[in-house]
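Counting convention: from 1, in listed order, for ligands and their atoms alike.
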Amino acid sequence: MEENWDTEISTEKPTYIPNFSSLETDNTDNYTAYSNNDITNQNYQSERSFGNRGGYRSERGGPTNFNRGSRIGRGRGFDSNRNDQYSDSSERDGYNANEDTQKPFRGRGGFRNENGQRRGFGDRGGFRNENGQQRNFDRGDWNNSGEGEERPRGFGRGGFNNFDSDTGGRGHRGGRGGRGGYKGRNEEVGVESGKNQEEGTEKEVKKVIYVPLPPSDSEDDIFRHYQSGINFDKYDEILVDVTGKDVPPAILTFEEANFCETLSRNVTKAGYVKLTPVQKHSIPIILAGRDLMACAQTGSGKTAAFLLPILSHMMNEGITASQFLPLQEPQAIIIAPTRELINQIYLDARKFSYGTCVRPVVVYGGIHPVHAMRDVERGCNILCATPGRLMDIIGREKIGLSKLKYLVLDEADRMLDMGFAPVMENLIGSPGMPAKEERQTLMFSATYPAEIQRLASKFLKSDHLFVVVGLVGGACSDVEQTILEIQEYRKRDKLVEILQSSGNERTMIFVNTKKKADVIAGYLCQEHFPTTSIHGDREQCQREEAIRDFRSGKCPVIVCTAVAARGLDIENVQHVINYDVPKEIDEYVHRIGRTGRCGNVGKATSFFNVNEDHVVARPLVKILTDAHQEVPAWLEEIAFGGHGALNSLYAADSMGGEAGEKYVSAPSSAQEEEASWD
Ligand SMILES: Nc1ncnc2c1ncn2[C@@H]1O[C@H](COP(=O)(O)OP(=O)(O)OP(=O)(O)O)[C@@H](O)[C@H]1O
């Protein structure tokens, strides 16, 4: 799990993504992975980095020269010193993440891929290890602290440092030479000392170098929103069920919520005129001080359902942020499973608290920890955080819990599933965390598996309420769902065919593995669809750039893994394509919920490969039926017919052969590598 500050440093190797610029005659990068633009306020100047010289072999086996003869391996560097000043690097300059010096590291950049092709993101500069000793990467040092050993490898100049304690020794062996070192995702590049420079503590800090651009302060940008759609009023027809005792009556209008003037003004400026059902029921429940578990379909306004009553309380109490206190004690903590989602929630909190003294702050993995802590120090009433960062910042005693009144878990079922539950347990057991009787705990999601509902009660008061709008786990009814039965080897052509016929529609394509995300994004670029991608192996700056490019329409196609399945609210996503059907039906519901939001209509197409996906056939039929969608006869047959026959009928698929050929079980691509959450 990525969110732990330390494990984050030690994640897997980044996936290589080719630079497709040479495919375009005008030499513009469609694939934003390593676009030649200045991609962040970090002033990355990666003009010549990241290329590869050789061809890129497509899955079909044919060599595909994505980047013929691009200028590579010169390692023009970038400077992320704290003042965000661009280091006027020479062509060989490397990368400087040092906060105290502006001296750029010299990079002669080189990195060989698995085929021995040279790539160009390198540092040639020295590097100090945890003991403050200079380590010289020039000579191919390799330190894998996961294995506690140090051994030289054939890295040419430069080295590779993998602090991965979990995946240590994963054999990044050989073939990665070239001048300059390869910078592992979160390694301490250019850090003078591995010690924490804050307050002289001895705790080791593994440096993450990304400092995101502060969001725009312009009122227009803060309140920018998209229009609710033609089906917004139909939300009122959805049945709502509230379980529990002494249920506060629902409100029907914003006026009934009795928000203070500033909050009401902000709600209006955000374009909210009418409440959605989840808001009608949740707002009075939260205002009444009750614990809540709420379930409502994707895109139906759950974020405002918890933010508005919390902010209303805070504003009525005249809460103001205390600036420059080393220990901040927020009144509310909001947790979400992915970086992009928590950032989005933060932006909503900022919007609704605009013009008040309530200060929301966001901390998440992949950004510079010192930057995050400084931001917290400036005052923090609402802390929006991913789980690992939250625990870290609490552990560093930058955040105290004594004033905590609201604990919100967005995507609560995800926050309580096996991946995050231990962190959540730690959180509620943290010193100073008010007992559940003393705080208000709020959980929101579109899906709640039964076992998660049971687990949730551990976090909630016994008199909590459960609001269900529609069906628990039901898909958004505004999304037209199509399931296509298709064999694996035909998926790509089908994808291209769909994209060609859909013009410039903003499309999210979901796959089950990070590697596949790269491959499909690359393939689409090659086919001249401006495409970007987001997955857990991409650097945070690249992830954010990918979302920016998709939002702006610069890249109307984005290939995603599960990191983008939940919560993201992007205007005008017209089509979601499940290139791979997810292994869990709840994820299907979240994925297709990236379209058809806020009363707008959308469509979702899923490539159903019987060999891989038969296990979800039955729940999928239920989802389609509940959402009044057409259920293909063949899918019903798979769901409810004898499955034994299916194996032989469809087995040949994975081999690319005719049905009826001898079946050889191939490992599921989804098993190969589960898409990381962060
Ligand atoms: N009452 C409202 N009037 C107009 N727009 C609204 C209203 N409530 C929410 N919205 C807008 O609807 C969109 C979807 O809201 P939100 O992201 O909160 O959905 P969600 O239910 O949390 O979805 P998901 O389950 O995918 O996380 C947002 O753009 C939000 O600003």
Is [X] in polar range of ligand 1, meaning some N or O pair under 3.5 Å apart?
X      : answer
Gln344 : no
Gly299 : yes
Asp569 : yes
Val273 : no

Quick one: look up the protein heavy atom nearest [atom] and list residue, atom name and how far away it is.
atom                    : result
atom 12 (O) of ligand 1 : Cys598 SG, 3.2 Å
atom 31 (O) of ligand 1 : Tyr272 OH, 2.6 Å
atom 21 (O) of ligand 1 : Lys302 NZ, 2.8 Å
atom 8 (N) of ligand 1  : Gln279 NE2, 2.8 Å

For [X], state whether at least one heavy atom is located under 4.0 Å from any atom of ligand 1.
X      : result
Ser300 : yes
Gln297 : yes
Phe444 : no
Glu571 : no
Ala296 : no
His590 : no
His225 : no

Does the separation of the ring centres of Tyr346 and Tyr364 fall below 6.0 angstrom?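 Tyr346 vs Tyr364: aromatic centres not under 6.0 Å.
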Verify the neighbour count for atom CD of Glu584: are there more than 12 heavy atoms of other residues, nucleotides or ligands below 6.0 Å?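 No, CD of Glu584 has 12 or fewer neighbouring heavy atoms, counting only those of other groups under 6.0 Å.
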With a cut-off of 4.0 Å, which atoms of ligand 1 are near a heavy atom of [X]?
X      : answer
Arg597 : 14 (C), 16 (P), 17 (O), 19 (O), 20 (P), 23 (O), 24 (P), 26 (O)
Arg594 : 26 (O)
Glu411 : 27 (O)
Lys274 : 1 (N), 2 (C), 3 (N)
Thr303 : 16 (P), 17 (O), 18 (O), 22 (O)
Phe232 : 1 (N), 2 (C), 3 (N)

Side-chain H-bond candidate by donor/acceptor type, Asn381 with Gln331, under 3.5 Å: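 A pair is found: one side chain offers a donor N or O, the other an acceptor, under 3.5 Å apart.
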Applying side chain to side chain contact (heavy atoms under 4.5 Å, CB included), can you list everything that pairs with Arg378, at least two apart in sequence or on another chain?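 Here the qualifying residues are Phe324, Arg359, Arg374, Asp375.
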Partner set under side chain to side chain contact (heavy atoms under 4.5 Å, CB included) for Ala446, not counting sequence neighbours: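 For Ala446, the residues satisfying side chain to side chain contact (heavy atoms under 4.5 Å, CB included) (neighbours in sequence not counted) are Thr298, Lys302, His590.
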Does any non-hydrogen side-chain atom of Pro215 lie less than 4.5 Å from one of Asp221? no
Could you tell me whether the side chain of Leu465 reaches within less than 4.5 Å of the side chain of Met293, counting heavy atoms only? no
Quick check against the 3.5 Å criterion: does Arg591 have a side-chain atom that pairs as donor or acceptor with the backbone of Thr561? no
Give a yes/no verdict on a cation-pi contact between Lys351 and Phe223, requiring under 6.0 Å between NZ or CZ and the six-membered ring centre and an angle within 45° of the axis. no
Could you check whether [X] pairs with [Y] (Lys NZ or Arg NE/NH1/NH2 to Asp/Glu carboxylate O, under 4.0 Å)?
X      : Y      : value
Lys583 : Glu612 : yes
Arg597 : Asp569 : yes
Asp410 : Arg566 : no

